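These notes are about the structure you will find just below.
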Amino acid sequence: MGVVENPMNVSVLFFSGLKETVGTARLEIELRQPQSCEQLVSGLFARFENLASLLPHCSFALNGSIVEKGCWITAGDELAILPPVSGG
Amino acid sequence: MYLTHAPISAQDFMAGFSDTAGASVLFLGIVRQMSRAKQCLYLEYEAYEPMAERQMESLTREASRKWPLERTAILHRLGRIYPGEIAVAIDVRSAHRAEAYAASRFLIEQIKHSVPIWKKEFFTDGTSTWGGCHAAEKKETFDSKEWQWGRERELANEFF
């Protein structure tokens with residue numbers, strides 16, 4: 001798997017407690033090499049010490065549909081990190 | 001439309017539909033005054049709105065495949081809500097009550113477990129917490145098998 005010549009732009013969305021800890025609802029990220037959802041999010045969460053423990057409890061949605069954590073991200077994707085839901 | 005930032009009126013929610021169905025089950029989720037022994041000041045709901053809308057649309061279709069329904073409507077509130085206000089309203093109409101009860105229960109449980117909506121609870125003691133963050137939080141359990149159509153049909157044959 002080689003380095004991508006053109007960086008891929010990806011949006012990452014945060015909700016509820018994640019949004020508060022990260023300090024924003026949305027990050028625009030440039031990926032310089034292909035990454036799975038889990039790789040991208042692990043990298044992000046490493047920057048926020050108290051988030052790493054939340055990761056196993058989160059689901060991922062790519063462009064509004066739930067995906068497996070190992071799913072590859074492509075240019076223009078919107079990745080939403082979904083903490084356990086609490087609606088109703 | 002399944003999400004609203006405006007207060008939900010049960011009367012408005014139920015209005016405007018023909019009453020040809022034999023049964024209508026209205027479920028209202030109301031904000032409780034007390035939550036885990038703390039007094040609730042208000043809640044704030046947020047959602048991944050496009051996905052939540054699509055999922056609730058998909059849930060209504062799924063309910064209509066499981067049970068013969070005449071109408072299904074769901075409305076979930078977003079933003080700040082005070083105790084006593086309606087957080088979610090579900091109206092299910094069908095020819096007979098067994099299907100309407102079963103579909104209503106199915107929908108609220110699915111909404112609670114799978115639709116990307118989150119609530120933050122603000123308490124009178126100045127503290128706040130995001131729902132779903134409490135491992136110890138008591139969850140009402142729901143055995144979906146118990147509510148399968150076959151079981152409902154048995155009940156229906158017995159009582160209708």
Side-chain angles (χ1 to χ4, degrees), chain A residues 9-29 36-38 40-42 44-45 48-88, chain B residues 2-4 27-32 35-36 43-59 74-79 81 86-90 104-121 128-135 137 139-140 142:
Chain A
N9 293 305
V10 177
S11 305
V12 185
L13 307 187
F14 303 95
F15 298 93
S16 84
L18 285 182
K19 183 178 68 180
E20 288 184 356
T21 307
V22 174
T24 181
R26 185 184 189 99
L27 279 180
E28 304 296 335
I29 294 177
S36 69
C37 295
E38 191 166 31
L40 187 155
V41 173
S42 297
L44 275 179
F45 278 27
F48 300 91
E49 203 173 295
N50 44 349
L51 283 189
S53 63
L54 282 178
L55 186 53
H57 305 290
C58 292
S59 308
F60 299 136
L62 268 184
N63 309 315
S65 298
I66 294 286
V67 293
E68 295 294 322
K69 296 182 183 202
C71 195
W72 291 98
I73 295 167
T74 60
D77 276 350
E78 181 179 271
L79 170 64
I81 308 172
L82 309 176
V85 301
S86 54
Chain B
Y2 298 89
L3 297 170
T4 178
F27 173 82
L28 300 177
I30 314 271
V31 177
R32 282 189 303 268
S35 176
R36 292 187 292 276
L43 302 183
E44 279 180 2
Y45 280 98
E46 67 172 46
Y48 182 14
E49 294 190 31
M51 184 175 171
E53 289 272 358
R54 276 206 309 278
Q55 282 201 348
M56 287 192 279
E57 165 86 40
S58 156
L59 285 174
I74 304 171
L75 196 55
H76 199 298
R77 180 88 182 272
L78 297 178
I81 316 182
I86 299 170
V88 60
I90 300 172
S104 175
R105 187 71 200 264
F106 166 79
L107 287 169
I108 185 60
E109 299 300 334
Q110 291 296 314
I111 288 167
K112 279 180 169 287
H113 291 118
S114 68
V115 177
I117 299 174
W118 298 270
K119 74 174 169 206
K120 188 173 188 178
E121 296 175 90
S128 62
T129 182
W130 282 98
C133 297
H134 288 263
E137 189 176 358
K139 297 263 187 240
E140 289 183 42
F142 173 61

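Within every chain, numbering begins at 1; the chains are lettered A, B, ... in the order of the sequence lines, protein sequences first and strands thereafter. Since we're looking at a predicted model, the values are computed, not measured.
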Toward chain A, the part of Ala52(B) with a non-hydrogen atom under 4.5 Å: neither

Tabulate below the donor-acceptor pairs under 3.5 Å that side-chain atoms of residues 19-29 of chain A make, not counting sequence neighbours, or state none.
from     : atom 1 : to        : atom 2 : distance (Å)
Lys19(A) : NZ     : Glu46(B)  : OE1    : 2.6
Glu20(A) : OE1    : Lys120(B) : NZ     : 3.2
Glu20(A) : OE1    : Trp130(B) : NE1    : 3.2
Glu20(A) : OE2    : Lys120(B) : NZ     : 2.6
Glu20(A) : OE2    : Trp130(B) : NE1    : 3.4
Thr21(A) : OG1    : Gly17(A)  : O      : 3.0
Thr24(A) : OG1    : Arg26(A)  : N      : 3.2
Thr24(A) : OG1    : Arg26(A)  : O      : 3.1
Arg26(A) : NE     : Glu28(A)  : OE2    : 2.7
Arg26(A) : NH2    : Ser11(A)  : OG     : 3.2
Glu28(A) : OE1    : Ser11(A)  : OG     : 2.8
Glu28(A) : OE2    : Ser11(A)  : OG     : 3.4

Beyond-backbone contact of Met56(B) with Leu3(B), side-chain heavy atoms, under 4.5 angstrom: yes

Whether over 12 other heavy atoms sit under 6.0 Å from Glu68(A) CD: no

Backbone N/O of Glu121(B) and side chain of Thr129(B): donor-acceptor pair under 3.5 Å: no

Proximity breakdown for Ile66(A) and chain B, heavy-atom pairs closer than 4.5 Å: both

Pick from Arg77(B), Glu44(B), Met51(B), His76(B) with the largest number of heavy-atom pairs that fall under 4.5 Å of chain A: Met51(B)

Contacting moiety of Tyr45(B), where chain A heavy atoms sit under 4.5 Å: side chain

